Participant: 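Could you have a look at this structure, given as structure tokens, before my questions?
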Amino acid sequence: MPAWVSTTYRPSPIIGLILAFLLSSMLVYYSLTLTFFSFDGDIEMKFPKNMDDVKELALALSEFMNGHYFSVLYSYIVLYIFLQAFAIPGSAMLSVLGGALFTKWPALLLVCLCSGLGATICYLISYYIASPIVERYLTERLVDWSEQIARRREHLLNYLMFLRITPILPNWFINIASPHLDVPVGVFFVATFIGVAPISFLHVQAGVAIQELSAGKEISLFNFTTILTITIAASVSLLPVIYKKKNSEDMPTMSQSERSPLLPR
């Protein structure tokens, strides 16, 4: 074999990311095209960027879903997971749209599931494809966060849930960094599924009320109720950690004379 031929050649991570993105984009495009091929409504089908867009799209799709419910559901799931997998903004508006289309509790379950699956795919892409990129550009931030992870390893699930509920770290960074800090994929998925529930509930609730909105009225997704709900949920996620810490502090320590002779002195 010629000396210039590398036996350890690995495709560029950038090429791998581009291929993964293009293939996923084709799947999303095919799903949407197949679903809305027979759509004959007057509204232009576009991604919702604000509450007015969500309202118009929800009204049009509510009628279209009478004969194409599962097609719309499938397209919604594919699009939501795609946004989460590649850390593309816009999932908040999709959560609101889900509340308008699928009613409160089914929509909340659907949003949490799509968030968990999409984030997990992002986790896997980061680990199997983008590792060199992550190590090159995020090393300093990884080192900083690894210290936090190490101190909370025993309560990792609660800690990740807390991070999902609060805006301390951006979700895209949690998704990308977690596999490089030995966060188990099962713990990551469960923490994401549960952790996104409080804010997702508020988005879904806004979508449930979307039909009652007047044309010029706006909804603020971040108001006093939103902040209060997030604060309560974040506090609840930390209760097991606080309880266990308090128990360990209250537990009496044995003196040397009280120790069992079998225990090391």
Side-chain angles (χ1 to χ4, degrees), residues 28 32 35-36 39 41 43-66 68-69 72-85 87-119 161-172 174-175 191-237:
V28 173
L32 294 177
T35 297
F36 299 108
F39 181 80
I43 185 174
E44 179 186 358
M45 298 299 295
K46 62 179 181 179
F47 189 87
K49 297 180 180 179
N50 52 54
M51 295 303 294
D52 289 335
D53 289 347
V54 172
K55 182 179 180 180
E56 292 180 7
L57 193 56
L59 290 174
L61 289 181
S62 294
E63 298 179 4
F64 182 71
M65 284 175 65
N66 290 333
H68 306 84
Y69 181 88
V72 174
L73 175 63
Y74 170 73
S75 296
Y76 179 88
I77 292 173
V78 169
L79 180 58
Y80 203 115
I81 291 176
F82 172 75
L83 295 182
Q84 290 289 315
I88 301 173
S91 56
M93 289 296 108
L94 276 189
S95 298
V96 178
L97 180 62
L101 297 178
F102 305 114
T103 71
K104 185 191 299 184
W105 299 114
L108 179 61
L109 177 62
L110 184 63
V111 167
C112 291
L113 182 61
C114 289
S115 296
L117 291 174
M161 286 170 53
F162 177 78
L163 291 180
R164 290 296 191 186
I165 295 169
T166 59
I168 295 176
L169 286 176
N171 282 329
W172 66 264
I174 298 174
N175 297 345
T192 303
F193 181 88
I194 300 175
V196 300
I199 189 65
S200 296
F201 176 79
L202 296 172
H203 293 161
V204 167
Q205 185 64 36
V208 172
I210 199 76
Q211 304 292 350
E212 301 174 3
L213 294 177
S214 59
K217 188 176 180 181
E218 295 182 356
I219 291 179
S220 174
L221 296 180
F222 292 96
N223 48 35
F224 175 76
T225 304
T226 304
I227 296 171
L228 181 62
T229 302
I230 293 174
T231 302
I232 294 174
S235 302
V236 170
S237 72

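Just so it is clear, the structure is predicted and the values come from calculations on it, not from any experiment.
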Participant: Of the non-hydrogen atoms in Ala100 and Ser62, which two are nearest, and what is the gap between them?
Facilitator: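 Here Ala100 and Ser62 meet closest at O-OG, 4.5 Å.
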Participant: According to side chain to side chain donor-acceptor pair (under 3.5 Å), who are the partners of Ser200, at least two apart in sequence or on a separate chain?
Facilitator: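 So Ser200 forms no side chain to side chain donor-acceptor pair (under 3.5 Å) with any residue.
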Participant: What I'd like to find out is whether the side chain of Met51 reaches to under 4.5 Å of the side chain of Val96, using heavy atoms alone.
Facilitator: yes
Participant: Please find the pair of heavy atoms, one from Val54 and one from Pro48, that lie closest to each other, and give the distance.
Facilitator: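 Where Val54 meets Pro48 most closely, the heavy atoms are CG2-CB, 3.6 Å.
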Participant: Nearest 0.5 angstrom please: Leu101 CG to Leu61 CG, how far?
Facilitator: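 Answer rounded to 0.5 Å: 5.5 Å.
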Participant: Which heavy atom of Ser95 sits nearest a heavy atom of His203, and at what distance?
Facilitator: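 Taking Ser95 first and His203 second, the nearest heavy atoms are CB-CB, 3.6 Å.
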Participant: Is any side-chain heavy atom of Ile165 less than 4.5 Å from a side-chain heavy atom of Phe162?
Facilitator: no
Participant: For residues Gln84 and Ser91, determine if any side-chain heavy atom of one lies less than 4.5 Å from a side-chain heavy atom of the other.
Facilitator: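 Yes, at least one pair of side-chain atoms sits under 4.5 Å.
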Participant: If we only count heavy atoms from C-beta on, is the Leu57 to Phe47 side-chain gap below 4.5 Å?
Facilitator: no
Participant: With side chains defined as the heavy atoms from C-beta onward, is the minimum distance between Val196 and Val111 less than 4.5 Å?
Facilitator: no
Participant: State the CG-CG distance between Leu73 and Leu110, to the nearest 0.5 angstrom.
Facilitator: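 If we round to the nearest 0.5 Å, Leu73:CG and Leu110:CG are 6.0 Å apart.
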Participant: Tell me the closest heavy-atom pair linking Thr192 and Gly116, and the distance in Å.
Facilitator: CG2-CA, 3.9 Å
Participant: Quick one: does Tyr69's side chain get under 4.5 Å of Tyr74's, heavy atoms only?
Facilitator: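 The answer is no, as the side chains (C-beta and beyond) never meet within the 4.5 Å cut-off.
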Participant: Under the ring-ring contact (aromatic ring centres under 6.0 Å, His included) test, which residues partner Phe36, sequence neighbours left out?
Facilitator: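 Residues passing ring-ring contact (aromatic ring centres under 6.0 Å, His included) with Phe36: Phe64.
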Participant: Can you tell me how far CH2 of Trp172 sits from CD1 of Ile88, rounded to the nearest 0.5 angstrom?
Facilitator: 14.5 Å
Participant: CG of Leu94 to CD1 of Ile81: how many Å apart, nearest 0.5 Å?
Facilitator: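 With rounding to 0.5 Å, CG (Leu94) is 11.5 Å from CD1 (Ile81).
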Participant: What are the two closest non-hydrogen atoms of Leu108 and Ala197, and how far apart are they?
Facilitator: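 Minimum heavy-atom contact is CD1-O, 3.8 Å.
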Participant: Please round to the nearest 0.5 Å and tell me the distance separating atom CE of Met65 and atom OH of Tyr76.
Facilitator: 10.5 Å
Participant: Do Lys104 and Gln205 have side chains that get closer than 4.5 Å, going by heavy atoms?
Facilitator: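 Sidechains of Gln205 and Lys104: in contact.
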Participant: Between Thr35 and Val72, does a side chain to side chain contact (heavy atoms under 4.5 Å, CB included) hold up when you go through it step by step?
Facilitator: CA-CA 6 Å; Thr35 297; Val72 174; 4.2 Å; yes
Participant: Does the side chain of Asp53 reach to within under 4.5 Å of the side chain of Lys46, using non-hydrogen atoms?
Facilitator: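 Side-chain contact under 4.5 Å: yes.
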Participant: Could you give the distance from CD1 (Ile199) to OG (Ser115), rounded to the nearest 0.5 Å?
Facilitator: 11.0 Å
Participant: Which pair of non-hydrogen atoms, one from Val78 and one from Val28, has the smallest distance, and what is that distance?
Facilitator: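 So the minimum-distance heavy-atom pair works out to CG1-CG2, 3.7 Å.
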